[in-house]
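Residue numbers count from 1 along this sequence. Everything numeric here is computed off the predicted structure, so don't read it as measured data.
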Amino acid sequence: MKDNEKNVSINEIKSSLKAIEKTEQDTIKTLRMPIWLNIFISGSYGMGVFSWASTRHDNLWMLGVIISSVVFFFAVAIYMYSKRLVGIKPKVLPTHKSELKFGFTIAIFFGLVVVLSRELSIRELWWVAYLGGAIGSISLGYFLYFFPTGNYRAGKSNHV
C-alpha cells in the first residue's frame, strides 16, 4: 500500500488490520506478568482484604494487613523493575478516556468489596471476610491476567 494512492484494495486493508491485531496481541503478551507473580499479587491483596475484615480492636489480624501490604507492594515493585530491565515502561496512569472509565469502575468494585466485607463482618457475618478475600483475590488475578494494559476491549479475540 503506497501513501499516495487514493484507492486501497480490500486485501491491503485486511492485511493491515491483521497486523494491527497481531501487534496488540504481542503487546498484551509482553506486558502480562508471570503467573507466579500474579498469584503473589492477587493472593496478598485477598489476604489484606480478609485481614482487614477480620480486624477487631487491637488483634493480630492487623499484622496480616501489614504483611500482606508489604508483600503486595514488593511484588508490584518486582514487576515494574523486571519490565524496566527488559526495556518496557508499564503505564501507571491511564492515557485514554476508556482506560480511565475502566480503571474507575474497577476501583469502585474493589472499594465495595473491601467496605462491604468489613462492615458485614463486623455485624457478626464472619464468613463474609472469607468471601470478600476470595472475591478480591480472584477478580484481581483475572484483571491482571486478561487486561494487563488496562484497556478494555469487547470480545476474547484480543486476550490471547
### Message
Is there a path of hydrophobic side-chain contacts, each under 4.5 Å between heavy atoms, that joins Val76 and Tyr142?
### Response
yes
### Query
Val86, Trp36: one ILVMFWY side-chain cluster at the under-4.5 Å cut-off?
yes
### Message
Can you confirm whether the side chains of Ser54 and Arg118 place a donor and an acceptor under 3.5 Å from each other?
### Response
no
### Query
Would a hydrophobic clustering, with Ile, Leu, Val, Met, Phe, Trp and Tyr connected at side-chain separations under 4.5 Å, put Ile35 with Leu37?
yes
### Query
Counting only heavy atoms not in Phe40, do more than 12 fall under 6.0 Å of its CZ?
no
### Query
Is the shortest heavy-atom distance from the side chain of Phe109 to the side chain of Thr105 under 4.5 Å?
no
### Exercise: identify the closest heavy-atom pair between Ser44 and Val71
CB-CG1, 3.8 Å
### Message
Tell me whether Phe73 shares a hydrophobic cluster with Val92, the cluster being built from Ile, Leu, Val, Met, Phe, Trp, Tyr side chains joined at under 4.5 Å.
### Response
yes
### Query
Under 4.5 Å between any side-chain heavy atoms of Leu131 and Ser117, yes or no?
no
### Message
Take a 6.0 Å sphere around CD1 of Ile10 and say whether it holds more than 12 heavy atoms from other residues, nucleotides or ligands.
### Response
no
### Task
Side-chain contact test, heavy atoms from C-beta onward, threshold under 4.5 Å: evaluate it for Met47 versus Ser69 and give yes or no.
no
### Message
Closer than 3.5 angstrom, by distance alone: can the side chain of Ser82 be matched with the main-chain N or O of Tyr79 as a donor-acceptor pair?
### Response
yes
### Message
Is there a side-chain contact between Tyr145 and Arg32 in this structure, where contact means two heavy atoms from C-beta onward sitting under 4.5 Å apart?
### Response
yes
### Student check: side-chain heavy atoms of Asn59 and Arg56 closer than 4.5 Å
yes
### Query
For residues Glu99 and Thr95, is any side-chain donor paired with an opposing acceptor at under 3.5 Å?
yes
### Task
Using a 4.5 Å cut-off on heavy atoms from C-beta on, say whether the side chain of Ile41 contacts that of Leu144.
yes
### Query
Mind checking whether Phe104 and Ile108 have side chains closer than 4.5 Å, heavy atoms only?
yes
#### Entry: N/O donor-acceptor pair under 3.5 Å between Ser121 side chain and Ala53 backbone
yes
#### Entry: Separation of Lys89 NZ from Lys83 NZ (nearest 0.5 Å)
16.0 Å
### Task
Please round to the nearest 0.5 Å and tell me the distance separating atom CG of Leu140 and atom CD1 of Ile39.
12.0 Å
### Query
Do you know which two heavy atoms are closest between Ser137 and Gly46, and how far apart they sit?
CB-CA, 3.8 Å
### Query
Can you name the closest pair of heavy atoms from Val65 and Gly48 and give their distance?
CG2-O, 4.1 Å
### Query
Nearest 0.5 Å, what's the OG-CH2 distance between Ser68 and Trp52?
11.5 Å
### Query
Among the clusters formed by ILVMFWY side chains lying less than 4.5 Å apart, do Val113 and Ile122 turn up in the same one?
no
### Message
Nearest 0.5 angstrom please: Met33 CE to Ile78 CD1, how far?
### Response
11.0 Å
### Task
With side-chain contact (heavy atoms from CB on, under 4.5 Å) as the test, would you mind laying out the steps for Trp126 and Leu120 before giving the verdict?
CA-CA 8 Å; Trp126 57 269; Leu120 292 175; over 6 Å; no
### Query
Which class fits the ring pair Phe50 and Tyr130: parallel under 30°, tilted 30 to 60°, perpendicular over 60°?
tilted
### Task
Fit a plane to each ring of Phe143 and Phe147, take the angle between them on a 0 to 90° scale, and name the class: parallel (under 30°), tilted (30 to 60°) or perpendicular (over 60°).
tilted
### Query
Within a strict 4.5 Å, meaning less than it, do heavy atoms of the Pro90 and Met80 side chains meet?
yes
### Task
Report the distance from atom CG of Leu116 to atom CD of Glu119, rounding to the nearest 0.5 Å.
8.5 Å
### Message
For the CZ atom on Arg123, are there more than 12 heavy atoms of other groups (residues, nucleotides or ligands in this structure) within a distance under 6.0 Å?
### Response
no
